[in-house]
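The structure under discussion appears below in the form of structure tokens.
Counting starts at 1 for both ligands and their atoms, following the listed order. Below, all heavy atoms of this structure are taken into account, side chains as well, without hydrogens, waters or symmetry copies.
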Amino acid sequence: MKLTIAEFKQDYIAQIKSSTARQINETTALERYTALGEMVKEYIGNLWANTNSTYRTEQVKQIYYFSMEFLTGKFMENNLNYLGIYEIVKDGLRSLDIDIDDILEVEVDQGLGNGGLGRLAAGFLDAMSSISIPGHGCGIRYKNGLFEQRIIDGYQVEFPDRWLVNNNVWEYKRNNKAVIVKYNGHVETHMDGERLKFELVNYDAVRAVPYDTPILGFENNTVNTLRLWSAEEIDDIFDFENFSKGNYLSAFEKKHSVEIITQILYPNDAYDEGKLLRLKQEYFFVSAGIQSIFNTYKKMNVGINRFAEFVAIHINDTHPALAIPELMRILLDEEEMTWEEAWKITTQCISYTNHTIMAEALEKWPLYMLRDLLPRITMIIEEIERRFTEDLINVYHITDPNHLSAMHIIYDGMVRMAHLSIIGSHSINGVAKLHTEILKNKELKVFYDIYPERFNNKTNGIMHRHWLLNANPGLTKLIGDTIGDGFKKNPRVLRDLLKYRDDKSFLDDLFEIKHQNKENLAKYIKDKQGIVVDPYAIFDMQAKRIHEYKRQHLNILHVMHLYRQLKENPNLDIPPRVFVFAGKSAPSYYVAKQIIKLINTVGSVINNDKSIKDKLKVVFLPNYGVSLASHMIPAADVSEQISTASKEASGTGNMKFMMNGAVTLATLDGANVEIMNEVGESNIILFGLKVEEVYDYYQNGHYNAYEIYNNSPDLKAVIDELVNGYLPVPKDEFIPIADRLLRFNDEFFILKDFESYRLAQERIAEIYRDKYQWSKMSLANIACSGAFSADYTIERYATSIWNVQKKLLDFKL
Ligand code: F58
């Protein structure tokens, strides 16, 4: 948009006056931030209204991305960049004696997600707007996002994330768009002429109120919508009857029982909680979302039969799978379609992404629970199941009872949401090539056999503009000065950087930028953790949720091994290293929490040992989230992507680190395989078991962790240190970890992969000694990372799954 510094200043001073009734120099950083937000929102508002009216009047097909999580982080810097006014605003503020960084600092992360799945959803919204796809998000406005993690005495302690205390300047509450969601009750049937009608009676009603946030595209006038639903009591503030009888407190109980639906995000990243409240949440936003799609659709006046021509609905994992029976319910019970018509529309509209093969993360609901809470929806699921079984027998000639039971939606009293999602969608995709192959050939093979055309791969992608422009301005400037700014819209252009791989002065510049980022992080670590780290050391990072399959303990066991070597020989000639960890554990995942304690314990020993001459440091940075990632990732030399092969569906952190010039230390898992293909084997450090080997061990049961332990003195020594009183904790503290490794035979192959990991780490140390060789590898990673932009991923979803077209918008601000 066009804006001069003078215009900005004038607008801003006026805005400060009207929103705070104070002189600018008397205002707090929060007030300054809020005033700026209000202004930016107004700029965006014009574009937003234009986008919506164009979609409506030109009757374009729109895609609705349903996700239980949207981990959007902060908006201000992005919005300023995307409007093209960041520099103007920065200069304007400076002339008012305000540092823009102080304002950006005040914004709190919108942390409505656990990890990769939620962040992916946020990145997809950004990409849809930025490549002009008419697409919106639908989710839940949790009052508490993912918990705040603090480390107390080395342990993770959880605190609530009250992200809304200072209000959220980006959202609009739309009272007039509220809808009713119905729970419980029972279904009555009656004949209406020829038609059997179903009616839910005696239900409990909850008001779903939408809060809309504009999602701005990059310099293209598109503003799509993220609609998050909040639960409210239907009848006013509280139960007046009860209140007037003098039951003051119990009058609030009903209000509380409704509002609790959107009170909290479940904090698991790879585990299905199976709680009634979670089921309520799932139906809540799905029902509200689908009702509101109908309300919007009807304004177009094109007839309900054409619904699938104008609406695509994507379900991000199975959490929104009730979209299938809910859409059926509306088409059958409200629009009075036949089952066949309704089913055709439903399957044409819905598509589904699978994000995991981990059994414990696959959603199943007890049938009785579903029937109690959602009687009509359960009837519809049962009918879907009945017709599907009929097809299996009559169309696909499957009669073997074991084969049939492997495919049922309802089995053993449980409703399998992945099966419902597959049967009710026209497209099922995995999130990296390897993962999709595992789905097709193993985990979901029985479905692939009957629906091969439904299965496809869509490798994940990241918000490349965030990870470069916002997170790494130094690198962004160097890239822009060298190859121009084309990469912002077309990140594959980054490949042009490969021309500079033998240009020493360019490699020096690259090294210098990385070094500056490391200095900044070193200062952050000193300020926050009181640990001094050497910015010339190798910064080796593992930042992601803490989970045994991600194998943070492989990493820390290796650190313990390095430390032992240094203790034996303090003059050992190795480049100094800083191992940085960050990530949250699910609050109820005991072993993961012990891994955090172990990292911190090892850190406290190593960081305070003068004898090793600062050659080794271990840092655990608390409360990993989008903001911390944005500080950390630009400073990384090594990116640890070391999951047990087959377990990490894709990973997206791997892509962010690569884009910021880190060299990946990887198993051949998830998208690491594609990273290797892009960057070439000489620019990635590989180690460990391959998927086939892992499956072979699982199937044939030949693995024996004790055998490895007994035959590897170095490894034995560090495992022993977990339990022999060497570490300054009670002796039994780390027994659960040691037990998982030995007594329970090391499900994730830590012992098996240890030696190969150690050798890979040695190679890293060797290569790092040669500054130019290392910088060349780093450059290759940056240059080849463009392929992993979410812009391209969304392009592929739009053309091959959703069949939605770009809508280019013209508008002058
Ligand atoms: C992640 N899943 C995958 N789930 O683990 C990761 O490999 C992938 O890159 C990413 O999705 C995006 O595709 C993930 O983050 C969750 O957090 C769920 C939250 C709700 C409960 C079950 C896990």
Side-chain angles (χ1 to χ4, degrees), residues 65-71 111-124 127 139-140 142 145-147 264-275 277-279 281-282 285 314-321 352-365 417-418 428-436 438-439 457-463 543-551 583-589 592 624-626 641-658 666-667 669-675 788 790 793-794 797:
Y65 194 86
F66 277 53
S67 178
M68 198 80 176
E69 306 188 356
F70 287 95
L71 219 179
L112 308 186
N114 271 286
L117 174 149
R119 182 62 189 159
L120 186 80
F124 278 4
I140 295 177
Y142 302 102
L146 186 62
F147 64 86
I264 183 122
L265 164 74
Y266 278 94
N268 299 325
D269 67 319
Y271 179 72
D272 167 36
E273 186 77 47
K275 295 256 168 70
L277 182 59
R278 170 94 178 170
L279 184 60
Q281 292 184 329
E282 294 188 358
F285 89 100
H314 197 87
I315 59 176
N316 193 24
D317 217 296
T318 59
H319 324 128
Y352 152 60
T353 298
N354 172 291
H355 294 267
T356 187
I357 59 159
M358 306 266 291
E360 61 269 37
L362 294 179
E363 276 193 299
K364 294 192 225 45
W365 293 107
M417 303 308 268
I428 299 124
N429 74 281
V431 289
K433 283 182 189 154
L434 179 73
H435 168 61
T436 302
I438 294 175
L439 293 180
N457 177 56
K458 295 285 167 286
T459 299
N460 284 164
I462 55 169
M463 269 172 80
K544 51 183 78 248
R545 289 298 290 254
I546 310 290
H547 200 290
E548 287 168 277
Y549 87 77
K550 296 181 188 278
R551 304 201 293 189
K584 295 176 183 177
S585 157
S588 60
Y589 186 176
Y624 188 62
V626 179
Q641 307 301 335
I642 62 176
S643 54
T644 312
S646 80
K647 300 288 180 192
E648 190 68 274
S650 164
T652 42
N654 45 4
M655 302 167 184
K656 299 163 199 167
F657 277 105
M658 172 196 195
T667 47
D669 198 17
N672 297 348
V673 180
E674 287 155 77
I675 289 182
F788 299 105
T793 312
I794 284 299
Y797 274 88

Test of proximity, Asn460 against ligand 1: N or O pairs below 3.5 Å: yes
For His314, side chain to side chain donor-acceptor pair (under 3.5 Å) partners two or more places apart: Ser351, Thr353, Trp802
With heavy atoms only and a cut-off of under 4.0 Å, state how Arg278 meets ligand 1: side chain, backbone, both or neither. side chain
Any nitrogen or oxygen of Lys550, main chain or side chain, under 3.5 Å from a nitrogen or oxygen of ligand 1? no
Using a plain distance cutoff, I'd like to know if Glu69 has any nitrogen or oxygen under 3.5 Å from a nitrogen or oxygen of ligand 1. no
Does at least one non-hydrogen atom of Arg545 fall below 4.0 angstrom from an atom of ligand 1? no
With a 4.0 Å heavy-atom cut-off (strictly under), which part of Ala361 contacts ligand 1: side chain, backbone, both or neither? neither
Side chain to side chain donor-acceptor pair (under 3.5 Å) involving Lys647 - partner list, sequence neighbours excluded: none
Quick check on His319 - does any of its heavy atoms sit under 4.0 Å from an atom of ligand 1? yes
Are any of the N/O atoms on His355, whether in the backbone or the side chain, positioned under 3.5 angstrom from an N/O atom of ligand 1? yes
Answer yes or no for Gly670: is there a heavy-atom contact with ligand 1 below 4.0 Å? no
Check contact between Asn268 and ligand 1, using heavy atoms of the residue and a distance below 4.0 angstrom. yes
Within the structure, does Gly115 bring an N/O atom to less than 3.5 angstrom of an N/O atom in ligand 1? no
